[in-house]
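Have a look at the structure below before the remarks.
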Amino acid sequence: MAQKHLKFYKKANARRDLPRRLKADSKVQGGKVAIIAGSPGMWGAALLAAQGASRSGAGYVYLPPSTRENFLKHPDFLNLTEVQMKKQTFSAVVLGPGYRFPSVIAKWIRHWKKVRQQNVVLDAEALNWLAKNPDEKIPPSWVLTPHEGEMGRLLNRSRAWVHEHRQEAVMMAQKKWHCIVLLKGPQTLVTDGQSIYQVKAGNAALGKAGSGDVLAGMIAAFLAQTPQASLLQSVSAAAFVHGWIADQWLKKRKDILSLRPVDLLSELPQALASLRK
């Protein structure tokens, strides 16, 4: 069944679906992105996601309170208290990277469902929470971004099974939660239940902790800026750009072992400019 709907998502598709910025636009058109991520010992996950969102065009990027030093080093991010989070309206939200507070994850998921928050990207610890709460309903405009291990936990299957049945796994997850599902790994797959896009970019250089945090931020920023594109297209475009950076890294004769998540951020401006041409 999954094979019937398979489509390739290529460079031309990404160029079509990239967020646009007109000369008269301001930060308002970039949207407001909240990054609910990071915890003691894992603040880097929040910063990688926030920088991924900012580098991808988000007009405002909010982080929950962490340490004063983080905000001194990254003065372009806004500090967001819990009270503000409940009152603020966001264009997109990332929940989960490096966020070791299951009870808080549950609270925010249920709060955002109640207020009908659109474009919530659930990653990392938020996916692990969801795996333990399989009856939780997820709105159709939300996005799950598991790697094969997380997908295995979501479906109560082994990582090996997911690796051998990637298309079946991504369709099973979509059918279970009725939202956008992105399965990271070789030939990233994205589905909305009607079609599956196989993203024709990316390689094993991305296989490092933190790469997925950057992607989560990029997805949120793309969703915040591209109302003219479908959810499936925006998520796939972010995944393509993320993978394309890794492909260009190898084309520049840099070793496959050497790409770091921070390199994704430094290479992102040139990647966007090259694709837009």
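Below, all heavy atoms of this structure are taken into account, side chains as well, without hydrogens, waters or symmetry copies.
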**Asked** Leu130 versus Ile138: any side-chain heavy-atom pair under 4.5 Å?
**Response** yes

**Asked** Judged by atom type as modelled, is there a donor-acceptor pair below 3.5 Å linking the side chain of Ser258 to the main-chain atoms of Asp255?
**Response** yes

**Message:** What verdict does the side-chain contact (heavy atoms from CB on, under 4.5 Å) test give for Leu275 and Phe240, after you've listed the backbone C-alpha separation in whole Å, the side-chain angles of each residue and the deciding distance to 0.1 Å?
**Reply:** CA-CA 10 Å; Leu275 287 169; Phe240 182 92; 3.9 Å; yes

**Heavy atoms from other residues, nucleotides or ligands near NZ of Lys10 exceed 12 (cutoff 6.0 Å)** = no

**Request:** With sequence neighbours left out, write down each residue that passes salt bridge (charged side-chain N to carboxylate O under 4.0 Å, His left out) with Lys27, or none if nothing qualifies.
**Result:** none

**Asked** Quick one: CG on Leu250 to NZ on Lys254, what's the gap to the nearest 0.5 Å?
**Response** 10.5 Å

**Asn119 and Ser141 side chains, donor-acceptor separation under 3.5 Å** = no

**Asked** Which value, rounded to the nearest 0.5 Å, describes the distance between Leu48 atom CG and Arg55 atom CZ?
**Response** 12.5 Å

**Prompt:** Given the rule that I, L, V, M, F, W and Y join up when any side-chain heavy atoms are under 4.5 Å apart, are Ile36 and Met42 in one cluster?
**Reply:** no

**Prompt:** Can you name the nearest heavy-atom pair linking Val33 to Ala53, along with the distance?
**Reply:** CG1-CB, 4.2 Å

**Message:** For Asn156, I'd like to know if atom CG has over 12 heavy atoms of other residues, nucleotides or ligands within 6.0 Å.
**Reply:** no

**Request:** State, to 0.1 Å, how close Ile245 and Ala271 come at their nearest heavy-atom pair, and which atoms those are.
**Result:** CG1-CB, 3.6 Å

**Message:** Please enumerate all residues that pass side-chain hydrogen bond (donor to acceptor under 3.5 Å, both in side chains) together with Glu150, with sequence neighbours excluded.
**Reply:** His147

**Prompt:** Could you give all pairs that pass the ring-ring contact (aromatic ring centres under 6.0 Å, His included) test and reach residues 194-219, with sequence neighbours left out?
**Reply:** Tyr9-Tyr197

**Complete:** Residues passing the ring pair (Phe, Tyr, Trp, His ring centres under 6.0 Å) test with Tyr60, sequence neighbours excluded, are none

**Message:** side-chain contact (heavy atoms from CB on, under 4.5 Å), that's the test. Do Leu182 and Leu144 meet it? Break it down for me.
**Reply:** CA-CA 6 Å; Leu182 180 151; Leu144 310 184; over 6 Å; no

**Residues which pass salt bridge (charged side-chain N to carboxylate O under 4.0 Å, His left out) with Lys114, listed by chain and number, not counting sequence neighbours** = none

**Prompt:** Quick one: CG on Leu232 to CD1 on Ile196, what's the gap to the nearest 0.5 Å?
**Reply:** 10.0 Å

**Prompt:** Within a reach of under 6.0 Å around NZ of Lys107, are more than 12 heavy atoms found that belong to other residues, nucleotides or ligands?
**Reply:** yes

**Asked** Between Asn133 and Trp129, is there a donor-acceptor pair closer than 3.5 Å when you use the side chain of the first and the backbone of the second?
**Response** yes

**Message:** With rounding to the nearest 0.5 angstrom, report the CG to CD distance, Leu223 to Gln233.
**Reply:** 11.5 Å

**Message:** Walk me through whether Gln51 and Val214 qualify under side-chain contact (heavy atoms from CB on, under 4.5 Å).
**Reply:** CA-CA 7 Å; Gln51 290 177 88; Val214 175; over 6 Å; no

**Side chain Trp244, main chain Lys200, donor-acceptor under 3.5 Å** = no

**Message:** List the residues meeting salt bridge (charged side-chain N to carboxylate O under 4.0 Å, His left out) with Arg110, not counting sequence neighbours, and say none if there are none.
**Reply:** Glu136

**Request:** With sequence neighbours excluded, give me every ring-ring contact (aromatic ring centres under 6.0 Å, His included) pair touching residues 249-277.
**Result:** none

**Prompt:** Do Val170 and Arg166 come close enough that some side-chain heavy atom pair is under 4.5 Å?
**Reply:** no

**Request:** Would you give the length of the straight line joining atom CD of Gln198 to atom CD of Gln167, rounded to the nearest 0.5 angstrom?
**Result:** 7.0 Å

**Prompt:** Where the side chain of Ser266 meets the backbone of Asp263, is there a donor-acceptor pair that is under 3.5 Å apart?
**Reply:** yes

**Asked** So do Ile35 and Tyr62 actually touch side chain to side chain, heavy atoms under 4.5 Å?
**Response** no

**Prompt:** What salt bridge (Lys or Arg N to Asp or Glu O under 4.0 Å) pairs are there with at least one residue in residues 189-198, not counting sequence neighbours?
**Reply:** none

**Item:** Full working for salt bridge (Lys or Arg N to Asp or Glu O under 4.0 Å) between Asp247 and Lys11
**Value:** CA-CA 12 Å; Asp247 292 341; Lys11 185 177 179 180; over 6 Å; no

**Item:** Ionic contact status for Glu267 with Lys252, cut-off 4.0 Å
**Value:** yes

**Asked** Would a distance-only check, ignoring hydrogens and angles, find a side-chain to backbone donor-acceptor pair under 3.5 Å from Ser211 to Leu206?
**Response** yes

**Item:** Which residues share a ring pair (Phe, Tyr, Trp, His ring centres under 6.0 Å) with Trp112, sequence neighbours left out
**Value:** Trp108

**Prompt:** Which heavy atom of Met218 sits nearest a heavy atom of Leu268, and at what distance?
**Reply:** CE-CD1, 3.9 Å

**Request:** Kindly work out whether a path of hydrophobic side-chain contacts (I/L/V/M/F/W/Y, heavy atoms less than 4.5 Å apart) joins Leu18 to Leu22.
**Result:** no

**Request:** Spell out, as yes or no, whether a donor-acceptor pair under 3.5 Å connects the side chain of Ser54 to the backbone of Ala50.
**Result:** no

**Item:** Pairs involving residues 162-192, ordered by first then second residue, that meet ring-ring contact (aromatic ring centres under 6.0 Å, His included) (sequence neighbours left out)
**Value:** Trp161-His165

**Request:** Mind listing the closest non-hydrogen atom pair of Ile256 and Ala204 along with its distance?
**Result:** CD1-CB, 4.1 Å

**Asked** Any side-chain heavy-atom pair from Leu231 and Phe222 closer than 4.5 angstrom?
**Response** no

**Prompt:** Does any N or O in the side chain of Ser274 come within less than 3.5 Å of the main-chain N or O of Gln270, such that one atom is a donor and the other an acceptor?
**Reply:** yes

**Rounded distance (nearest 0.5 Å) linking atom CG of Leu215 with atom NZ of Lys184** = 6.0 Å

**Message:** Less than 4.5 Å apart, side chain to side chain, heavy atoms only: is that true for Gln174 and Cys179?
**Reply:** no

**Item:** Over all atoms of both residues, closest heavy-atom pair of Met151 and Ala173
**Value:** SD-CB, 3.7 Å

**Message:** Is the shortest side-chain heavy-atom distance between Thr145 and Val121 below 4.5 Å?
**Reply:** yes

**Request:** Begin with the C-alpha distance, continue with both residues' side-chain angles, and end with the deciding distance and a verdict on side-chain contact (heavy atoms from CB on, under 4.5 Å) for Leu80 and Leu63.
**Result:** CA-CA 6 Å; Leu80 189 62; Leu63 284 172; over 6 Å; no

**Fill in**
Sequence neighbours excluded, the answer for salt bridge (charged side-chain N to carboxylate O under 4.0 Å, His left out) partners of Arg153 is none

**Asked** Is a side-chain N or O of Gln225 found less than 3.5 angstrom from the main chain of Ser56, in a donor-acceptor match?
**Response** yes

**Prompt:** Side-chain contact, heavy-atom cut-off 4.5 Å: Ser234 with Asp17?
**Reply:** no

Throw together a table of side-chain donor-acceptor distances under 3.5 angstrom for residues 91-104, partners on residues two or more places apart or in other chains.
from  : atom 1 : to    : atom 2 : distance (Å)
Ser91 : OG     : Lys32 : N      : 2.9

**Gln29 versus Arg20, side-chain donor and acceptor atoms under 3.5 Å** = no

**Request:** State, yes or no, whether a side-chain contact exists between Val181 and Val190 at a heavy-atom distance under 4.5 Å.
**Result:** no

**Asked** Can you check whether Ala246's main-chain N or O pairs, donor with acceptor, with Asn203's side chain at less than 3.5 Å?
**Response** yes

